[in-house]
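Note sheet for the following structure.
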Amino acid sequence: MSSLQLFQATPFSATSPITHYWPLQLQAVESCSNMSELKQHHSQIIKLGLSTNNDVMGRVIKFCAVSKHGDLGYALKAFDTIPQPDAFIYNTVMRGYLHCRFPRNCIHLYIQMLENSVLPNNFTFPCVLGACCHGNAVEQGRQVHAHVLKFGYSSHVVCLNNLIHMYVNFEFLGEARRVFDRMLKRDVVSWTTLISGYAQWGCVDEALTVLESMPERNSVVWNALIAAYVQNKRFHEAFDLFDRMRAENVVLDKFVAASMLSACTGLGALEQGIWILSYIEKNGIELDTKLATTVIDMYCKCGFLQKALEVFHRLPCRGVSSWNCMIGGLAMHGKGEAAIELFMEMERKAVAPDNLTFVNVLNACAHSGLVEEGQYYFQYMTEVHGIDPRREHYGCMVNLLGRAGMLEEARKLMDEMPMSPDASVLGALLGACRIHGNIELGEQIGKKLIDLDPNNSGRYVLLANIYASAGKFEDVANLRKLMNNRGVKKCPGFSAIVLKGVVHEFLAGEETHPQAKEIYTKANEMLECIRSAGYVPCTEEVLQDLEEEEKENPLYYHSEKLAMAFGLLKTNPGEILRITKNLRVCRDCHQASKLISKVYDREIIVRDRNRFHHFKNAL
DNA sequence: GTAGGGTTAG
């Protein structure tokens, strides 16, 4: 018999509360599973004359304010009927406000609590400090800090941890540190909060120093730092920390697994990624939605689109990020139609797309030259989903139109943007000017872009290429001078190929490789073979790299060609060649790669700084 | 009541 039935079967008189039924009433409220049950009990409570009893009403408020099936509005109404609410009740309503993202109301209630002379306790401070964080209430936060001391909680670890957290949230790292330093007793949360605080705000080295002085480290604190290194793109250091963590026999849990998978993604380190994945499987770590999304991203960005799709389709529960990631993955691999199809499936499954979904869909259209589709979705996102285009959406459209040669439309769209175009939007247009040889517009945009982004060597190179293709070598020379004067270093292009776990890197025209002679012989043979298959060098991009020594044979020995020659030398017939390049693949290399894939009957997958190119049988 | 993980155009 449930306690609910027990109550309904028992007759009560509203005028004579039967006090020994309290515990049952309390239990009944706590076992409610929805609001209508709760309301029934609440009316019983009123009938029993218990509505002024804080123990009973505390339970009612707790259910309404913070439980999963509660109702904050009802909690507030009930709260207003209580003559002398105690600290528990205040705390609970404050938590309710916080859960429902009304931090200002939470702070206000805290003030009301003090005005009514109800003393805050150790449960009050974490809550109100959290509200200060979310409500961006810096001054109030400082005052609450004073209250923590004044009301006698200056050695309560949880309260102090929350103070550290609040100061970290406001980027007051010095204050956070002061609280931490003055603590007589610290727990692992104190350490982790401070360390991840430093890490989150980019002070990774301070974070490491604190970690070094920590007595015992668990996986949470290791991960706080590993994740920070990954976010700061310091992947090798993330690996170093990971090794140290394992040396201390701290077990790899799903959070660390996710961070390390991201590190693998950043490095394109597929083998290590697969190692972590197999660890996940072997140790029964649950592949939840977030972790699976990380795996999908890893496979996409390491060039294994098929594997990514397998993981994606096996996922029982997909969040919007999982869809975005997979759509973006398909886009990145030039599979525009498949990306759009997946987007349509997402809509059929009634998953609400967000702005990132549309960045990826538009990008898919751009990579695959689907101009009309792109224009359609650009309107569709606002009209159907009410998502206003942001800069990045305009950037996608400028890129899409520009690549298709619709430079005037691209420029018009850029002028119509409600926000000022940033370097990336201008960069998209400049790239299009170079592809389509529009010198006039290119010069205009290029100059603007260099002013906006003066330390990015790629911008100079792009404009220089535009000048060079127009034969304006004087302008090329002036640009190079400008770069030198400003100390802007050109980013050297290199390609890498991984063979048997060893990374082999190649610089354009480089001759210092131990097997240089062999590689160049193979490269020459390779070029000879494709020439007889119809290869004509595309010389307009000769100035892709502004280096003097590359003028001799600039195209023939671009780094990806060397990596390909090396790959052909060192792998068996039929093996896929996977090459990574730090810059964009130039048009000549693109053409050459197609022919090499045919002549040598090899699938070649080149990852450049933006996307993957698949070459198979000259396509 | 407090600490750690996912997707972002060129």
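Values in this document were obtained by computation on a predicted structure and should not be read as measured data. Residue numbers start from 1 in every chain, and the chains themselves are labelled A, B, ... in the order their sequence lines are given, proteins ahead of strands.
In this structure, A:H367 does not reach the B:dA9 phosphate: none of its side-chain N or O atoms is under 4.0 Å from OP1 or OP2. The phosphate of B:dG10 has neither OP1 nor OP2 within less than 4.0 Å of any side-chain N or O from A:R609. Proximity of A:N363 to the phosphate of B:dG10: a side-chain N or O atom is located under 4.0 Å from OP1 or OP2. Contact check, A:K301 against B:dT8: a side-chain N or O comes under 4.0 Å of OP1 or OP2.
For A:N399, taking side-chain heavy atoms from C-beta onward, the closest of the listed nucleotides B:dG5, B:dG4, B:dG10 is B:dG10. Each of B:dA9, B:dG6, B:dG5 was ranked by its minimum atom distance to the side chain of A:K254; first place goes to B:dG5. Closest approach to the A:V189 side chain among B:dG5, B:dA3, B:dT8 is made by B:dA3 (side chain taken as heavy atoms from C-beta onward). Here the nucleotide nearest the side chain of A:S219, chosen from B:dT2, B:dT7, B:dG4, is B:dG4.
Put simply, CG on A:L463 is 16 Å from C1' on B:dG10, counting in whole angstrom units. We find that CZ of A:F343 is positioned 18 Å from P of B:dA9, with the value rounded to whole Å. The distance between atom CE of A:M417 and atom C1' of B:dG10, rounded to the nearest whole Å, is 13 Å. Taking atom CG of A:D187 as the reference point, atom C1' of B:dG1 lies 12 Å away to the nearest angstrom. Distance, A:E392 CD to B:dT8 P: 12 Å, rounded to whole Å. Between A:M183 atom CE and B:dT2 atom P there is a gap of 15 Å when expressed in whole angstrom units. Put simply, CG on A:N324 is 13 Å from C1' on B:dA9, counting in whole angstrom units. Taking atom CD1 on A:I296 and atom P on B:dG6, their separation rounds to 14 Å, with Å as the unit.
The closest side-chain donor-acceptor pair between A:S190 and A:D187 falls under 3.5 angstrom. A donor-acceptor contact closer than 3.5 angstrom links the side chains of A:T124 and A:N121.
Put simply, the side chain of A:L225 does not reach to within 4.5 Å of the side chain of A:R217, judged on heavy atoms. Side-chain contact check for A:Y167 versus A:R142: some heavy-atom pair is nearer than 4.5 Å. No side-chain heavy atom of A:F612 sits less than 4.5 Å from a side-chain heavy atom of A:L305.
Within 3.5 Å, no donor on the side chain of A:T193 pairs with an acceptor on the base of B:dA3, nor the reverse. Side-chain atoms of A:T124 and base atoms of B:dG1 include no donor and acceptor less than 3.5 Å apart. Within 3.5 Å, a donor on the side chain of A:T293 pairs with an acceptor on the base of B:dG6, or the reverse. One N or O donor and one acceptor, one from the side chain of A:D288 and one from the base of B:dG5, sit under 3.5 Å apart. A donor-acceptor contact under 3.5 Å is not formed by the side chain of A:N162 with the base of B:dT2. At a cut-off of 3.5 angstrom, counting only N and O atoms as typed in the model, there is no donor on one side facing an acceptor on the other between the side-chain of A:S262 and the base of B:dG5.
Within the 4.0 angstrom heavy-atom criterion, no nucleotide atom of any strand lies near A:T357.
With ring centers used as reference points, A:W323 lies under 6.0 Å from A:F312.
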